[in-house]
Amino acid sequence: MGCEPPQRLVRALGEMYGDAAAADWLDALPALTEQALTAGDGLTVERVAAPGGRSSLVVLVRRADGTPAALKIAPPVAGPELERAALEHWNGWGAVRPLDAPELDASGALLLERLHHEVSLRSLPEAKALLEAAGTLRRLWVEPPAGHAFESVAGRTDRQSSGMRAAAEADPELAPLVDAALAARAELVEGSPELLLLHGNFRQSKVFSGERAPWLTVGPEPLVGERAYDLARLVRDRVEDLIASPGGPVTARRRVKRLAESLEVEQARLHGWTLFRAVESGTRALAEGRRQMGEINLEFAGWL
């Protein structure tokens, strides 16, 4: 079928879950793909989307009626059932639309409308990209469905805190930054003002050009909580460029202020969540062996 996983996916799964666990899932991937294609009732393969993402295989397919679609297959640990629930709740409002394919439910695969995966917001100039990203993210912030199973911001960040503490114990030089991030989190969780459905991992590379709307979001890691948490990841977009810029620290602080004002989010709360998420990402990258990315995120956090 020509559905070999891109090397980016192979590498990322090994970093996130360990080489052994990643290898087990990748070994099973051909059978999982075949199962999903068979269950999909008339799906025909065009090609695998490459370089693709870091957590799933995306196969570009056509339905029996010729409609283009995308078949997404992810490890169970990635929570595809929660992604499906969030996408169904948004129903195409600011996000990719899930296509009705009940025959795929048992396989854990997602059948999605086809977007132009080669054109993301990263292709736009930075100022324009941030503007479009903010407008897209705003659409996703809605009341969660009744009886939902989504994790809370408090719950997710509590789990993440243990890895941050472990990093500080392993490298005492990280302790002041980790302590500041954990203190910010404790204060933010204590006074959280809202419980909205959030994307969970929103950034420019998660927003692609579409046919029915200029820009649509993909790949949510949904949870419920306050908007400032979701917006905090966007503040750090194109962090490599910021680090390389002589005016990086000033630009980073201005970005916090500009995004907070444009989306009517309290600036202090956005600052706090930006600090926490940057330190969490940095310490996690170090633990996964991605030293350069870890150091970049921690340097960014130090600017705040």
Quiz item: Between Trp90 and His199, what is the ring plane arrangement, given parallel below 30°, perpendicular above 60°, and tilted in between?
Solution: parallel
Quiz item: With Trp141, which residues qualify under side-chain hydrogen bond (donor to acceptor under 3.5 Å, both in side chains), at least two apart?
Solution: Asp230
Quiz item: Would the number of heavy atoms belonging to other residues, nucleotides or ligands and lying under 6.0 Å from CD of Glu187 be above 12?
Solution: no
Exercise. Describe, in one word, how the ring planes of Trp273 and Phe276 are oriented to each other, choosing from parallel (under 30°), tilted (30 to 60°) and perpendicular (over 60°).
Key: perpendicular
Quiz item: Do Thr136 and Glu132 pass the side chain to side chain donor-acceptor pair (under 3.5 Å) test, and can you show the C-alpha distance, the side-chain angles, and the key distance before you say yes or no?
Solution: CA-CA 6 Å; Thr136 302; Glu132 295 289 352; 5.3 Å; no
Practice problem: Give the C-alpha distance, both sets of side-chain angles, the deciding distance and a yes or no for side chain to side chain contact (heavy atoms under 4.5 Å, CB included) between Phe202 and Val207. | Solution: CA-CA 8 Å; Phe202 185 88; Val207 186; 3.6 Å; yes
Quiz item: Are Arg97 and Glu113 close enough for a salt bridge, meaning some N to O gap below 4.0 Å?
Solution: no
Exercise. Go through Thr67 and Arg114 one step at a time and tell me if the side chain to side chain donor-acceptor pair (under 3.5 Å) criterion holds.
Key: CA-CA 9 Å; Thr67 304; Arg114 178 90 66 87; over 6 Å; no
Quiz item: Can Arg236 and Arg203 be said to form a side chain to side chain contact (heavy atoms under 4.5 Å, CB included), step by step?
Solution: CA-CA 8 Å; Arg236 192 161 32 96; Arg203 54 188 187 272; over 6 Å; no
Quiz item: Is the shortest side-chain N to carboxylate O distance from Glu151 to Arg159 below 4.0 Å?
Solution: yes
Quiz item: Nearest 0.5 Å, what's the CG-CD distance between Leu131 and Glu126?
Solution: 12.5 Å
Exercise. Would you kindly say whether Thr157 and Arg185 are connected by a side-chain donor-acceptor distance under 3.5 Å?
Key: yes
